[in-house]
Amino acid sequence: MSDKFRIIGGGRLLGEVHVGGAKNSVLKLMAATLLAEGTFTISNVPDIADVEIMSDLLTRMGCTVTHTGSAVSITVPAAPLHRADYDLVRKMRASINVLGPLVARVGEAEVALPGGDAIGPRPLDLHIRGLEALGATAKIEHGFVVAKAPNGLTGARIDLDFPSVGATENVMTAAVLAKGTTVIDNAAREPDVVDVGEFLNAMGAKISGLGTSTITIEGVEKLHPADHATLPDRIIAGTWAFAAAITQGDITVRGANPDHLEIPFEKLTSAGAIITTAEDGFRVRMESRAHAVDVATLPYPGFPTDLQPMIIAMNATADGNSIVTENVFEGRFMFVNELGRLGADIHVEGHHASIKGVTQLSGAPVVATDIRAGVGLVLAGLVADGETIVEDAFHIDRGFPGFAEALCALGANVERI
Ligand code: UD1
């Protein structure tokens with residue numbers, strides 16, 4: 001993993017990139033294997049640090065994990081251990097996804113309270129209330145979520161206050177082995193949730209309504225191993241689309257599903273980008289300076305919070321003023337101060353950022369506070385005058401495989417230090 005990215009700004013990004021499997025899907029697919037004994041193969045696995053961390057976590061629970069190219073094979077024992085320790089969990093939010101499978105299969109789970117990105121408070125109340133509704137006891141004790149269901153889980157109707165991705169996944173992966181029917185109302189509709197649900201169905205689960213706000217799960221007694229290809233990473237695909245727009249470039253993105261990027265594409269089109277479909281992906285061209293566009297982040301199918309730093313980076317050098325509203329994670333504007341170091345003119349009030357587009361950013365040292373913020377800063381550095389150093393770039397490697405190399409292949413002047 002790299003410490004710093006050094007970027008010399010200038011030039012359009014031109015060429016082709018290939019997008020691999022989604023971080024936010026593969027980690028949950030790996031966690032879901034705990035639901036059945038036997039050997040699973042997951043393909044289209046991205047080469048990122050978080051996959052290593054999840055592999056270590058599963059290994060510690062008694063699984064055998066082997067990587068072959070972009071596939072991971074996981075052999076789950078008859079009785080996995082039910083504890084996920086802090087030293088691993090602190091590194092990655094998605095560790096919490098072992099909670100539902102463990103309670104359902106082993107009848108108990110102790111999962112350290114997760115770490116992950118510095119993007120504001122990330123409570124677990126919806127996960128806990130969901131498991132309680134299924135008949136588990138769940139509480140926070142000595143820094144662990146401790147959940148128990150010694151007599152198994154029972155299906156229930158669960159109305160989520162917010163369509164949380166993680167809570168929907170944890171409840172769904174627990175309910176697949178519950179007695180009777182579970183209905184999750186106000187469920188998350190993210191493609192990552194659909195991918196996990198389809199994997200569970202391939203394992204013998206009975207889930208319907210995936211991709212809608214109401215997911216229905218008929219509990220089954222037992223699941224069996226299955227093989228599955230991870231869905232393409234829509235956030236990385238979307239990042240390349242913004243990279244083309246910001247640098248007035250022309251990028252063809254392969255291995256991507258444009259259907260998952262409808263709203264980001266609407267925003268890019270309003271900014272002046274020309275987006276067309278291409279074989280196994282799409283092409284984004286920008287022939288002049290972007291027009292500033294307003295946007296509000298929302299759960300899927302709304303504009304993804306994970307692309308918010310990228311649209312702020314675009315608006316920072318766009319023609320005109322814009323307002324970006326963050327509705328999902330309150331701490332996500334932390335990186336705006338860093339963008340200010342590059343000369344961006346942004347004023348944050350509450351969950352709104354008012355941005356005055358400037359004609360030219362100027363290179364400076366900045367610090368990545370999380371994966372997406374780090375990527376947003378790199379995109380801004382690509383059009384800043386002179387040298388930009390993005391420190392703490394290991395965050396970027398957690399979620400974006402080969403980012404620096406792919407940028408170089410498109411003509412950027414970027415190196416890892
Ligand atoms: C996942 C993604 C993250 C993405 C986010 C929203 C992973 C590993 N991460 O995070 O990249 O930005 O979805 O698309 O997949 N909330 C509660 N109580 C809870 C759970 C969540 O109040 O029990 C709140 C959160 O604080 C946040 C909002 O709900 O404000 C959305 O969080 P959630 O959808 O759960 O995000 P994650 O699953 O953590």
Side-chain angles (χ1 to χ4, degrees), residues 21-32 46 48-51 53-54 57 89 91-100 111 113-133 138-140 145 147 158-174 184 186-196 213 230-231 233-236 238-239 260-261 263-264 296-310 325-335 351 369-376 395-396 398-400:
K23 168 182 96 71
N24 285 353
S25 175
V26 72
L27 301 172
K28 289 73 173 292
L29 297 172
M30 292 174 76
I48 51 173
D50 278 10
V51 166
I53 300 170
M54 185 57 90
L57 196 62
V89 171
K91 296 182 186 163
M92 183 182 72
R93 172 79 182 179
S95 316
I96 196 65
N97 275 67
V98 301
L99 186 64
V111 182
L113 290 169
D117 295 321
I119 54 175
R122 295 175 88 170
L124 292 174
D125 54 314
L126 302 174
H127 300 238
I128 289 175
R129 287 217 299 272
L131 292 178
E132 284 174 342
K139 53 190 168 180
I140 294 178
V145 185
I158 294 159
D159 205 342
L160 294 176
D161 291 350
F162 186 92
S164 153
V165 172
T168 302
E169 290 163 345
N170 255 332
V171 172
M172 183 167 77
T173 47
I184 310 175
N186 201 23
R189 299 163 62 189
E190 267 71 0
D192 318 86
V193 176
V194 176
D195 203 34
V196 174
S213 299
T230 313
L231 98 165
D233 197 313
R234 74 197 150 95
I235 302 301
I236 291 182
T239 298
H260 294 163
L261 287 162
I263 307 270
T297 66
L298 282 171
Y300 190 84
F303 190 91
T305 175
D306 285 351
L307 285 176
Q308 179 251 84
M310 294 56 154
T325 302
E326 173 55 55
N327 290 315
V328 182
F329 286 113
E330 56 191 73
R332 231 181 187 154
F333 283 144
M334 279 190 283
F335 97 107
H351 63 136
T369 47
D370 72 74
I371 303 173
R372 315 298 176 190
V375 171
H395 284 297
I396 297 174
R398 277 192 42 221
F400 209 135

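Only this structure's heavy atoms are used, side chains among them; waters, hydrogens and symmetry mates stay out. Note that this is a predicted model, so its numbers are computed, not measured. First listed ligand is number 1; within each ligand, the first listed atom is number 1.
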| Testing Val98, Asn170, Val165, Ile96 for side chain to side chain contact (heavy atoms under 4.5 Å, CB included) with Lys28, which one passes? | Val165

| task | Among Leu298, Thr297, Asp306, find the residue that satisfies the side chain to side chain contact (heavy atoms under 4.5 Å, CB included) test when tested with Val328. | result |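 Going through Leu298, Thr297, Asp306 one by one, the side chain to side chain contact (heavy atoms under 4.5 Å, CB included) with Val328 is satisfied by Thr297 alone.
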
| field | Check: Asp159 main-chain N/O paired with Asn186 side-chain donor or acceptor under 3.5 Å | value | no

| Under the 3.5 angstrom rule, does the side chain of Glu190 hit a backbone N or O of Val193 as a donor-acceptor pair? |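 Judged by distance alone, no pair lies under 3.5 Å.
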
| Taking only residues two or more places apart in sequence, or in another chain, which ones meet Phe400 in a ring pair (Phe, Tyr, Trp, His ring centres under 6.0 Å)? |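 Partners of Phe400 by the ring pair (Phe, Tyr, Trp, His ring centres under 6.0 Å) criterion, ordered by chain and then number, come out as Trp240, Phe403.
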
Per-atom contacts of ligand 1 with [X], taking only distances under 4.0 Å to non-hydrogen atoms:
X      : value
Arg332 : 12 (O)
Arg93  : 39 (O)
Lys28  : 7 (C), 8 (C), 15 (O)

Report yes if [X] has an N/O atom closer than 3.5 Å to an N/O atom of ligand 1; otherwise report no.
X      : result
Val165 : yes
Gly166 : yes
Asp306 : yes
Asn24  : yes

| query | What is the distance from atom CD1 of Ile128 to atom NZ of Lys139, rounded to the nearest 0.5 Å? | reply |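 If we round to the nearest 0.5 Å, Ile128:CD1 and Lys139:NZ are 11.5 Å apart.
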
| field | Spacing of Met54 atom CE and Leu27 atom CG [to the nearest 0.5 Å] | value |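 Going from CE on Met54 over to CG on Leu27, the span is 5.0 Å.
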
For [atom], state which one of [options] supplies the nearest heavy atom.
atom                    : options                       : answer
atom 18 (N) of ligand 1 : Asn97, Asp370, Asp125         : Asp125
atom 26 (O) of ligand 1 : Pro123, Gly399, Ala94, Ala22  : Pro123
atom 21 (C) of ligand 1 : Pro163, Ser25, Ser164, Pro299 : Ser164

Below 4.0 Å, non-hydrogen atoms only: which portion of [X] touches ligand 1? Side chain, backbone, both or neither.
X      : answer
Val328 : both
Glu169 : neither
Leu124 : backbone
Gln308 : neither
Thr305 : side chain

| task | Please name all residues satisfying side chain to side chain donor-acceptor pair (under 3.5 Å) with Asp233, sequence neighbours left out, ordered by chain then number. | result | none

| Between Leu231 and Ser25, what is the shortest heavy-atom contact and its length? |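 Smallest heavy-atom distance, with atoms named: CD2-CB, 3.3 Å.
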
| How far apart are the C-alpha atoms of Arg234 and Asp192, what are their side-chain angles, what is the distance that settles it, and do they pass the salt bridge (charged side-chain N to carboxylate O under 4.0 Å, His left out) test? | CA-CA 9 Å; Arg234 74 197 150 95; Asp192 318 86; 2.9 Å; yes

